Amino acid sequence: VKSLGRAAAKLPSYRAARCILPPRAFEQASSEACAAHKRIGGEAVLDLTCGLGVDAFALSRRFGRVVTLERDPLLARIARDNFARLGVTNVEVVCASAEEYLARTGERFDWVYADPDRKQVRLEACSPDIVALMPAVRRVAGRLCLKNSPLFDVDAAFALFGGCETEVVSLGGECKEVMVYADGRE
């Protein structure tokens, strides 16, 4: 209930639909405004990091199909319930870690999206470890859209992903995230 009150600015659609907003997941979630900023689209996207599903919700407007992964069974159930409350029908929530899903899937996607849980700024220390997963990511999609901390060193993106594009996203005069679009360019 507390989170619903605070959601008016951060997650207005979730508030209007009376979605379930666990406090920790709410604090870690992207705002709808930032989530809507992602510049990717196509037939299918794999979101490695569901959480409350705010990014998957935004991606559902740009893709025909969204497969989003949540390793916590309770949060996966909450995300499914929230998508139903929001009237979203093209998002599939899979209860699995990125590592598990990527190891077993034979599907292909236009993009892989990830917003890793950051304990520090280095990507190798995040969960999932996108750097270690890159061979599997490249097997299922030719393109990766990666959300990073505002403190992320943009030079690290070029060192890790080669030809890529980076974008610093600001909202209300405050740096919110650094996006990396690694789409196979040299």
Side-chain angles (χ1 to χ4, degrees), residues 20 22 24-30 34-35 38 40-60 62-83 88 90-154 156-166 177-184:
I20 300 166
R24 184 169 184 264
F26 176 79
E27 293 302 327
Q28 292 179 338
S30 301
C34 281
K38 298 348 176 235
I40 60 175
E43 287 300 313
V45 62
L46 173 62
D47 175 0
L48 300 179
T49 52
C50 182
L52 278 181
V54 179
D55 289 311
F57 177 49
L59 293 171
S60 75
R62 295 175 174 249
F63 287 89
R65 179 172 177 247
V66 178
V67 175
T68 186
L69 311 179
E70 177 50 55
R71 63 183 171 217
D72 179 290
L74 178 59
L75 199 48
R77 283 198 318 265
I78 289 170
R80 282 186 201 103
D81 184 77
N82 285 347
F83 288 129
V88 176
N90 64 333
V91 175
E92 175 188 352
V93 179
V94 177
C95 186
S97 71
E99 296 82 1
E100 290 171 53
Y101 187 86
L102 287 169
R104 72 172 188 245
T105 190
E107 285 194 72
R108 291 281 304 161
F109 298 89
D110 297 308
W111 284 88
V112 169
Y113 171 78
D115 175 7
D117 187 13
R118 292 173 283 279
K119 293 176 178 48
Q120 56 177 285
V121 179
R122 289 185 49 241
L123 279 178
E124 299 90 337
C126 296
S127 179
D129 178 350
I130 297 301
V131 176
L133 288 175
M134 278 311 293
V137 167
R138 285 189 179 107
R139 185 176 49 77
V140 301
R143 301 178 284 188
L144 170 70
C145 176
L146 179 64
K147 176 183 165 186
N148 293 287
S149 156
L151 300 175
F152 182 69
D153 179 5
V154 179
F158 299 114
L160 292 168
F161 303 108
C164 65
E165 183 178 333
T166 61
E177 57 197 35
V178 174
M179 298 300 303
V180 175
Y181 298 92
D183 58 6

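Predicted model, so just to flag it, every value in this text is computed and none were measured. Residue numbers run from 1 in the order of the sequence given.
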- Query: Is a side-chain donor or acceptor of D110 paired with a backbone partner of G41 at a separation under 3.5 angstrom?
  - Reply: no
- Message: Is it the case that the side chain of R108 and the backbone of R139 share a donor-acceptor pair, with hydrogens and angles ignored and the cut-off at 3.5 Å?
- Response: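 Indeed, once roles are kept as given, a pair shorter than 3.5 Å links the two residues.
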- Message: Between E177 and K38 (salt bridge meaning N to carboxylate O under 4.0 Å), is one present in this structure?
- Response: yes
- Message: For C95, run the side chain to side chain contact (heavy atoms under 4.5 Å, CB included) check against R71, R80, E70 and tell me which one passes.
- Response: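 Only one option passes, and that is R80.
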Pairwise side-chain contact, [X] with [Y], heavy-atom cut-off 4.5 Å (strictly under):
{"X": "V66", "Y": "F57", "result": "no"}
{"X": "L144", "Y": "V180", "result": "no"}
{"X": "V91", "Y": "L59", "result": "no"}
{"X": "I130", "Y": "L48", "result": "yes"}

Nearest-0.5 Å distance that lies between atom [atom1] in [X] and atom [atom2] in [Y]:
{"X": "T166", "Y": "M179", "atom1": "OG1", "atom2": "CE", "result": "10.5 Å"}
{"X": "E92", "Y": "S60", "atom1": "CD", "atom2": "OG", "result": "14.0 Å"}
{"X": "Y113", "Y": "D55", "atom1": "OH", "atom2": "CG", "result": "3.0 Å"}
{"X": "D47", "Y": "F63", "atom1": "CG", "atom2": "CZ", "result": "10.0 Å"}
{"X": "L102", "Y": "L133", "atom1": "CG", "atom2": "CG", "result": "6.0 Å"}

Can you see which heavy atom on [X] is nearest to which on [Y], and at what distance?
{"X": "C50", "Y": "T68", "answer": "CB-OG1, 3.0 Å"}
{"X": "D115", "Y": "T49", "answer": "N-OG1, 2.8 Å"}
{"X": "P22", "Y": "L52", "answer": "CD-CD2, 3.8 Å"}
{"X": "A35", "Y": "A58", "answer": "O-CB, 3.4 Å"}
{"X": "A96", "Y": "Y101", "answer": "CB-CB, 4.4 Å"}
{"X": "K147", "Y": "S30", "answer": "NZ-OG, 2.6 Å"}

- Item | Neighbour count above 12 (heavy atom, 6.0 Å) for R24 CZ |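 No - once you tally the heavy atoms of other residues, nucleotides and ligands closer than 6.0 Å, there are 12 at most.
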- Task: Might you work through the side chain to side chain contact (heavy atoms under 4.5 Å, CB included) test for L69 and L46, ending with a clear yes or no?
- Result: CA-CA 8 Å; L69 311 179; L46 173 62; 4.0 Å; yes
- Anything under 30° is parallel, anything over 60° is perpendicular, the rest tilted; go ahead and classify W111 against Y181. perpendicular
